[in-house]
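Treat the numbers as computed from the prediction; the structure is a model and nothing was measured. Lettering of chains follows the sequences in order, A, B, ..., and the numbering in each one begins at 1.
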Protein chains: 2
Amino acid sequence: MKLDALNVKILKCLQQNARMSNAEIGRQVGITSPAVSERIKKMEDLGIIEEYKAIVSPFELGYQLKAIITLRAFMGKLKPFLDKVKTYDEVVNCYRITGDENIVMEVVLKNHKHLEVFIDQLISYGETKTQIVLSRVVKQKGIKPI
Amino acid sequence: MKLDALNVKILKCLQQNARMSNAEIGRQVGITSPAVSERIKKMEDLGIIEEYKAIVSPFELGYQLKAIITLRAFMGKLKPFLDKVKTYDEVVNCYRITGDENIVMEVVLKNHKHLEVFIDQLISYGETKTQIVLSRVVKQKGIKPI
DNA sequence: AATGAAATTGTATAAAT
DNA sequence: ATTTATACAATTTCATT
């Protein structure tokens with residue numbers, strides 16, 4: 001029993017509001033709170049639920065710019081970059097990808113000057129391409145089980 | 001009083017574990033749980049905290065592939081696409097961006113066949129470029145207040 | 001804006017089905 | 001694997017500072 005209909009409903013609740021109480025989830029899915037608690041614990045242990053995060057507004061925290069930056073690493077510079085990128089506070093998300101570019105990053109920045117300074121840090125690792133985010137079309141969505 | 005040292009600490013807790021109890025947060029930051037509760041409520045009302053989400057493993061839900069897909073919309077096709085993209089379950093994140101491409105999407109897919117079918121849906125809206133995600137270098141990180 | 005106290009609600013554990 | 005019962009803990013509300 002990994003992902004029956006009940007667990008799917010529980011996941012849906014937690015993806016909508018991770019701070020919902022077990023009791024409230026129980027009411028919505030039709031079981032008691034100890035049962036909810038056990039199912040959640042099991043899904044955490046199995047790695048189905050990875051973590052619970054508060055999503056904080058970058059703008060409200062003082063970051064006026066968001067950008068998607070891709071990096072095409074120079075010969076021998078990819079590994080050093082993979083170590084370095086973990087230390088950048090600006091990088092909120094980073095994937096290694098196939099294709100001409102090796103890396104795609106989601107970056108938050110205070111202003112254009114901050115962007116300039118940040119890009120300057122990258123040039124020793126490779127060629128970058130920067131795309132400024134104009135708007136969020138789809139809000140980070142919960143993943144639907146198949 | 002929007003983001004004093006206490007609120008910054010509270011945000012840090014909630015970004016690490018959104019299901020942490022108010023009492024536990026209070027212990028960590030040195031105030032009582034009603035005070036925590038009130039501060040959190042205020043940050044929610046001000047839009048500093050946008051939402052609380054369980055992060056669920058796409059792989060465990062049956063999605064073996066993740067891709068970054070950019071779209072360069074055809075003349076007059078951007079607006080129709082912006083409406084349509086909200087309906088795609090595969091798209092977990094989507095930004096409108098500056099540059100040659102208009103859109104960048106983070107997409108989860110069952111397999112290569114699913115990817116093929118998905119890309120086929122996009123061709124009426126514009127030219128696409130697909131980059132398969134090999135690994136996550138930086139896990140979705142909490143944003144640090146300035 | 002924070003605390004302390006009281007009432008309500010939620011959680012954890014164990015026993016039973 | 002879920003429920004019920006129970007003890008413990010957390011939350012909410014409100015009066016107080």
Side-chain angles (χ1 to χ4, degrees), chain A residues 1-63 139-140 142-146, chain B residues 1-63 139-140 142-146:
Chain A
M1 199 278 305
K2 264 169 67 170
L3 270 181
D4 58 2
L6 273 176
N7 276 355
V8 169
K9 282 187 200 165
I10 292 170
L11 283 182
K12 204 174 164 187
C13 288
L14 289 172
Q15 289 189 120
Q16 274 171 21
N17 174 15
R19 277 177 82 76
M20 194 181 289
S21 72
N22 294 344
E24 176 59 27
I25 295 170
R27 265 174 240 121
Q28 296 199 12
V29 310
I31 54 177
T32 57
S33 67
V36 172
S37 173
E38 214 173 283
R39 278 169 171 268
I40 289 177
K41 194 177 176 332
K42 214 162 270 175
M43 288 194 282
E44 289 168 355
D45 292 344
L46 288 169
I48 295 171
I49 299 173
E50 294 182 349
E51 50 183 340
Y52 305 99
K53 288 184 68 68
I55 308 298
V56 174
S57 162
F59 188 82
E60 293 292 334
L61 290 201
Y63 295 93
K139 251 203 171 175
Q140 202 145 4
I143 298 173
K144 258 199 184 166
I146 294 174
Chain B
M1 198 278 307
K2 261 169 69 168
L3 271 181
D4 58 2
L6 273 175
N7 277 355
V8 168
K9 282 186 200 168
I10 292 171
L11 283 182
K12 206 175 162 185
C13 288
L14 289 172
Q15 288 189 117
Q16 273 169 23
N17 174 16
R19 276 178 81 77
M20 193 182 289
S21 72
N22 294 343
E24 176 59 28
I25 295 170
R27 265 173 240 123
Q28 295 198 14
V29 311
I31 54 176
T32 57
S33 65
V36 173
S37 173
E38 211 173 288
R39 279 169 171 267
I40 289 178
K41 194 177 176 337
K42 213 162 270 176
M43 288 194 282
E44 290 168 354
D45 292 344
L46 288 170
I48 295 172
I49 299 174
E50 293 182 348
E51 50 182 342
Y52 304 100
K53 288 184 67 69
I55 308 298
V56 174
S57 163
F59 188 82
E60 293 293 334
L61 290 200
Y63 295 93
K139 252 202 170 172
Q140 201 144 6
I143 299 172
K144 258 198 185 166
I146 294 174

Rounded to whole Å, how long is the line connecting atom [atom1] of [X] with atom [atom2] of [N]?
X	N	atom1	atom2	value
B:Leu3	C:dA1	CG	P	13 Å
B:Ile10	C:dA1	CD1	P	12 Å
B:Leu46	C:dA1	CG	P	10 Å
A:Ile31	C:dG10	CD1	C1'	15 Å
A:Arg39	D:dA1	CZ	P	8 Å
B:Lys9	C:dA2	NZ	P	13 Å

Exercise. Between the axis at one end of the helix from C:dA1-D:dT17 to C:dT17-D:dA1 and the axis at the other (five pairs apiece), what's the angle to 10 degrees?
Worked result: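 Comparing the axis at each end, I get an angle of 30°.
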Problem set entry | Heavy-atom pair of closest approach, residues B:Tyr63 and A:Lys144 |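 Looking at all heavy atoms of both residues, the shortest contact is OH-O, 2.7 Å.
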Problem set entry | Pair A:Gln28-A:Val36, side chain to side chain contact (heavy atoms under 4.5 Å, CB included): steps then yes or no | CA-CA 11 Å; A:Gln28 296 199 12; A:Val36 172; over 6 Å; no
Problem set entry | Residue pair A:Glu38, A:Lys41: steps toward the salt bridge (charged side-chain N to carboxylate O under 4.0 Å, His left out) verdict | CA-CA 5 Å; A:Glu38 214 173 283; A:Lys41 194 177 176 332; over 6 Å; no
For this session: Check whether any side-chain nitrogen or oxygen of B:Lys41 sits under 4.0 Å from OP1 or OP2 of D:dT12, and answer yes or no.
Result: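 Answer is no, no contact under 4.0 Å.
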Problem set entry | Any A:Thr32 side-chain N or O less than 4.0 Å from OP1/OP2 of D:dT3 | yes
For this session: For A:Gln140 and B:Gln140, run side chain to side chain donor-acceptor pair (under 3.5 Å): C-alpha distance rounded to whole Å, both residues' side-chain angles, the deciding distance at 0.1 Å, then the answer.
Result: CA-CA 11 Å; A:Gln140 202 145 4; B:Gln140 201 144 6; 2.9 Å; yes
Looking only at the side chain of [X] (C-beta and beyond, no hydrogens), which of the listed nucleotides [options] gets closest?
X	options	answer
B:Leu6	C:dT3, D:dA1, C:dA2	C:dA2
B:Ser33	C:dA1, D:dT12, C:dT11	D:dT12
A:Pro34	D:dT2, C:dG4, D:dA5	D:dA5

Problem set entry | Of B:Ser37 and A:Glu38, the one whose closest DNA chain D nucleotide lies more 5' |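 Here A:Glu38 is the residue nearer the 5' end.
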For this session: Decide yes or no on side chain to side chain contact (heavy atoms under 4.5 Å, CB included) for B:Leu46 and A:Glu60, but give the supporting numbers first.
Result: CA-CA 9 Å; B:Leu46 288 170; A:Glu60 293 292 334; 5.5 Å; no
For this session: Name every residue in residues 11-29 of chain A that has at least one heavy atom under 4.0 Å from any atom of DNA chain D, in order of residue number, or write none if there are no such residues.
Result: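 Within residues 11-29 of chain A, no residue comes under 4.0 Å of DNA chain D.
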pair [X]-[Y]: side-chain heavy atoms closer than 4.5 Å:
X	Y	value
B:Ile31	B:Arg39	yes
A:Ile48	A:Lys42	no
A:Met43	A:Leu14	no

Exercise. Hey, does the side chain of B:Arg27 reach the backbone of B:Ser33 with a donor-acceptor pair shorter than 3.5 angstrom?
Worked result: no
